[in-house]
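In listed order, ligands and their atoms are each counted from 1. Just so it is clear, the structure is predicted and the values come from calculations on it, not from any experiment. Note that these values count all heavy atoms, side chains included, but never hydrogens, waters or copies made by symmetry.
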Amino acid sequence: MKLGILGGGQLGMMICQAARKNNIDTIIYTDSSDSPAVHFSNNHFISNYNDISKIDDFINECDVITYEFENIPYETLNHINKKLNVFPRPSVNNIIQDRLTEKKFINKLDIDTVPFLELSSKKELSKIDEDFFPAILKTRRMGYDGKGQSIINDLRSLKNIEQNIYILEKKIDLKQEISVITVRYQDESLFSYLPIDNTHKNQILFKSISPALINQDLKLKALMWSEKIIKSLDYIGVICVEFFIDKNDKLYVNEIAPRVHNSGHLTIESYNISQFESHIRAVCNLEKIEPKLQKEAEMLNILGSDIFKYRDQVIDNNQFFHDYFKDEAKKGRKMGHLTKIKS
Ligand code: ADP
Ligand code: MG
């Protein structure tokens with residue numbers, strides 16, 4: 001079996017590592033030469049995601065195709081899907097690539113999001129109540145790790161805003177952030193990992209703890225909402241739903257990642273099957289395995305030049321250091337992670 005992966009980052013790298021364990025060949029398609037995944041794949045292509053002739057060469061090497069980041073152009077996914085199965089389906093990506101269509105989809109399922117405004121007309125702007133502030137202006141497309149976001153404190157700051165580019169979200173007082181990773185197989189069966197607790201610094205994930213310490217009601221609701229979302233999308237593979245919990249213990253879906261997720265890295269050491277292997281098994285239609293927690297775990301992201309410290313450090317038996325082998329240790333760039341298992 002030959003699995004094609006669009007995107008060459010650390011998520012792709014860990015999919016390749018899990019594929020190797022299952023005797024599946026991997027072929028990476030990436031637009032950057034500094035791509036960790038290519039070192040662990042059997043073959044790779046480097047070109048932009050709109051280069052259809054290169055994409056056709058890639059298709060010819062693969063049996064099934066997936067992606068490790070959500071901003072692959074919809075047209076490219078659609079083109080591939082006419083020739084070869086793409087999982088998750090391009091239609092999923094089309095909804096989730098745009099924060100506005102994503103939130104509307106979630107609300108339609110009777111699932112709560114933080115209040116938001118479309119900002120699609122001047123008329124709408126004039127109706128915004130002062131108590132909607134402070135708010136966060138977010139680009140509808142291409143945002144990640146807090147990029148494309150800014151805090152807005154009053155109506156005046158929105159005066160010259162371009163229409164149909166942003167949404168405006170109410171900023172809420174967060175008590176906790178959690179995520180749920182769910183996998184759905186081609187026979188429509190699904191399994192969820194236990195909710196994971198996430199702490200962000202400068203809007204970038206800093207630390208994840210599994211399982212999250214939350215009350216039973218919140219746990220069940222988060223699992224139920226994740227499963228409702230994955231079913232409604234007729235989704236194949238691993239999905240991650242990010243949640244907010246406010247000071248009154250009210251739950252909201254923040255966003256959906258149609259892929260394996262940073263908060264799930266600790267599943268490699270703390271579960272019988274990692275999120276990466278679950279994804280491969282679902283996408284490649286292999287026998288299913290139910291994820292079971294083996295040990296509690298904590299994961300720390302290693303950003304920028306902090307990586308050099310870890311490369312030289314001797315670590316003990318309960319710690320697992322993952323280096324992404326990126327060439328450039330730019331500030332804030334995810335360079336590796338460390339998982340600590342509680343014994
Ligand atoms: P990204 O796509 O960059 O991950 P998110 O919408 O998940 O964007 O925002 C990143 C982080 O910023 C969140 O995990 C949360 O910590 C904070 N944040 C985002 N939106 C809100 C909000 N409406 N209220 C409070 N905090 C928020
Ligand atoms: Mg996020």
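- Under the ring-ring contact (aromatic ring centres under 6.0 Å, His included) criterion, the residue pairs touching residues 185-237 are Y193-Y271, with sequence neighbours excluded.
- A salt bridge links R99 to E255: one of the charged nitrogens lies within less than 4.0 Å of a carboxylate oxygen.
- By the 3.5 Å distance cut-off applied to N or O atoms, K170 is counted among the residues near ligand 1.
- Among all non-hydrogen protein atoms, the one lying nearest atom 19 (C) of ligand 1 is K138 NZ, 3.4 Å.
- In this structure, D316 contributes its side chain and N318 its backbone to a donor-acceptor pair below 3.5 Å.
- Note on K228 versus D110: no salt bridge recorded, every NZ/NE/NH1/NH2 to OD/OE distance being 4.0 Å or above.
- Aromatic ring orientation, H337 versus H322: parallel (interplanar angle below 30°, classes split at 30° and 60°).
- Across the listed options K171, E242, E177, E177 owns the non-hydrogen atom lying nearest to atom 16 (O) of ligand 1.
- Between the side chains of D246 and Y252, at least one donor-acceptor pair of N or O atoms lies under 3.5 Å.
- For atom 17 (C) of ligand 1, the candidate residues are E255, E70, Q203; the nearest heavy-atom contact is made by Q203.
- Here is the list of ligand 1 atoms found below 4.0 Å of a heavy atom in R99: 1 (P), 2 (O), 6 (O), 8 (O).
- Salt-bridge annotation for D34 and K326: absent, with no side-chain N of the basic residue lying under 4.0 Å from a carboxylate O of the acidic one.
- Residue contacts with ligand 1: D145 is placed with a nitrogen or oxygen under 3.5 Å of a nitrogen or oxygen of the ligand (distance criterion only).
- The atom of E242 nearest to the Mg ion (ligand 2) is OE1, with the search restricted to N, O or S atoms.
- Listed by atom number, the atoms of ligand 1 under 4.0 Å from Y144 heavy atoms are 2 (O), 3 (O).
- The residue among T113, I151, I172 with a heavy atom at the shortest distance from atom 24 (N) of ligand 1 is I172.
- Between the side chain of N22 and the backbone N or O of I24, no donor-acceptor pair lies under 3.5 Å.
- Because the distance cut-off is set at 2.8 Å, E255 qualifies as a neighbour of the Mg ion (ligand 2) through one of its N, O or S atoms.
- Scanning the protein heavy atoms around atom 21 (C) of ligand 1, the nearest turns out to be I136 CD1, 3.4 Å.
- Among protein heavy atoms, the minimum distance from atom 8 (O) of ligand 1 is reached at Q149 NE2, 2.9 Å.
- Nearest protein neighbour of atom 26 (N) of ligand 1, counting heavy atoms only, is L174 CD1, 3.6 Å.
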After noting the C-alpha distance and the side-chain angles of F321 and I302, does the key distance pass the side chain to side chain contact (heavy atoms under 4.5 Å, CB included) rule?
-> CA-CA 10 Å; F321 170 53; I302 303 168; 3.6 Å; yes
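- Of all the atoms in ligand 1, the ones that sit under 4.0 Å from a non-hydrogen atom of G143 are 2 (O).
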